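Okay, so here's the structure we're looking at.
No hydrogens, no waters, no symmetry mates; every other heavy atom, side chains included, goes into these values. Keep in mind that this is a model prediction, so the values were computed, not measured.
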Amino acid sequence: MSGHGHGHGGHSHRCCEDEHEPAERGLEYALYQRIDIEKLQCLNETREGDGKLVFKPWDQRTDREKFVESDADEELLFNIPFTGSVKLKGIIIAGEDDESHPAEMRLYKNIPHMSFDDTGREPEQAFRLNRDPLAQLEYPTKIARFSNVNHLSIHISRNFGTESTRVYYIGLRGEYSQAHRHEVTICNYEASANPADHKVDSIIPQTNFIS
């Protein structure tokens, strides 16, 4: 892992707590409620189902009891389906204040069931992360690229140098709109039929009666 500079380099996106009341921040980071949690996947998690635990309420962001840890190496891949359409504006990701904290995050949209083989493609956006055990740093997204997100994939590609990565909290900020159900409408065209659509060959009435 050496050789990768992890300097802040102007990438600190610290939000001033004075600008937002805690209640407002909680509302802003309520997109976790719009995740189809039963279908959420986390690849390379040590224990099955732990990846779902890090999408939790704002007031639990520093809770250390629920977390996900990577298994075979430092990578984690979250496949996050939403129940509607999301305009994603920002992400917070919090880990331990040590080398297990994620160091890089790559975002992909609308690619359901991504695998690690798929992460070679160009992401919609990538971030070099700072250690953030208190969930204070927000990474703003390029909203134009994340204005119609039905499925979000988060690839944790590196940490700060240890064999496994640990994540306690992932916060998603943005706007949500309900998915529109496209009902199939069967129109009964016969009810208002156009006579021109039903041309019948002229039948000459048989009026020759036998007298």
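Contacts of P133 classified as side chain to side chain contact (heavy atoms under 4.5 Å, CB included), with partners at least two apart in sequence or in another chain: R64, D97. Contacts of T83 classified as side chain to side chain contact (heavy atoms under 4.5 Å, CB included), with partners at least two apart in sequence or in another chain: R34, D36, Y176. N148 pairs by the side chain to side chain donor-acceptor pair (under 3.5 Å) definition with S85, not counting sequence neighbours. In terms of the side chain to side chain donor-acceptor pair (under 3.5 Å) criterion, E99 has no residue partners (sequence neighbours excluded). The side chain to side chain donor-acceptor pair (under 3.5 Å) check on R47 picks up D50, with sequence neighbours excluded. Looking at residues two or more places apart in sequence or on another chain, you find a side chain to side chain contact (heavy atoms under 4.5 Å, CB included) between K66 and L53, K56, Q60, D63. Residues that satisfy the side chain to side chain donor-acceptor pair (under 3.5 Å) test with T141, not counting sequence neighbours, are absent from this structure. With sequence neighbours excluded, the residues satisfying side chain to side chain contact (heavy atoms under 4.5 Å, CB included) with Q33 are A30.
Residue pairs meeting the salt bridge (charged side-chain N to carboxylate O under 4.0 Å, His left out) criterion with at least one member in residues 106-124: none, sequence neighbours excluded. Pairs of residues two or more places apart, or lying in two chains, that qualify as ring pair (Phe, Tyr, Trp, His ring centres under 6.0 Å) and include a residue from residues 60-103 are F55-F78, F67-Y168.
Test I37, V68, I80, I35 against K52 for side chain to side chain contact (heavy atoms under 4.5 Å, CB included) and you get one pass: I37. Of the options T119, N79, N110, a side-chain hydrogen bond (donor to acceptor under 3.5 Å, both in side chains) to S153 is made by N79 and by none of the others.
A donor atom on one side chain and an acceptor atom on the other are not found under 3.5 Å apart for E69 and T46.
Between L88 and L172, the closest side-chain pair of non-hydrogen atoms falls below 4.5 Å. The side-chain heavy atoms of V86 and L31, taken from C-beta on, include a pair separated by under 4.5 Å.
Contact detail for Y169 and A135: the closest heavy-atom pair is CD2-CB, 4.0 Å. Closest non-hydrogen pair, N159 versus S164, comes out as ND2-O, 3.1 Å.
Of the inter-residue distances, the one linking L40 atom CG with L152 atom CG reads 10.0 Å to the nearest 0.5 angstrom. We find the CD-NZ distance between E175 and K89 to be 3.5 Å, quoted to the nearest 0.5 Å.
With a 4.5 Å cut-off between side-chain heavy atoms of Ile, Leu, Val, Met, Phe, Trp and Tyr, the cluster of I111 takes in L43, L77, Y108, M114, F116.
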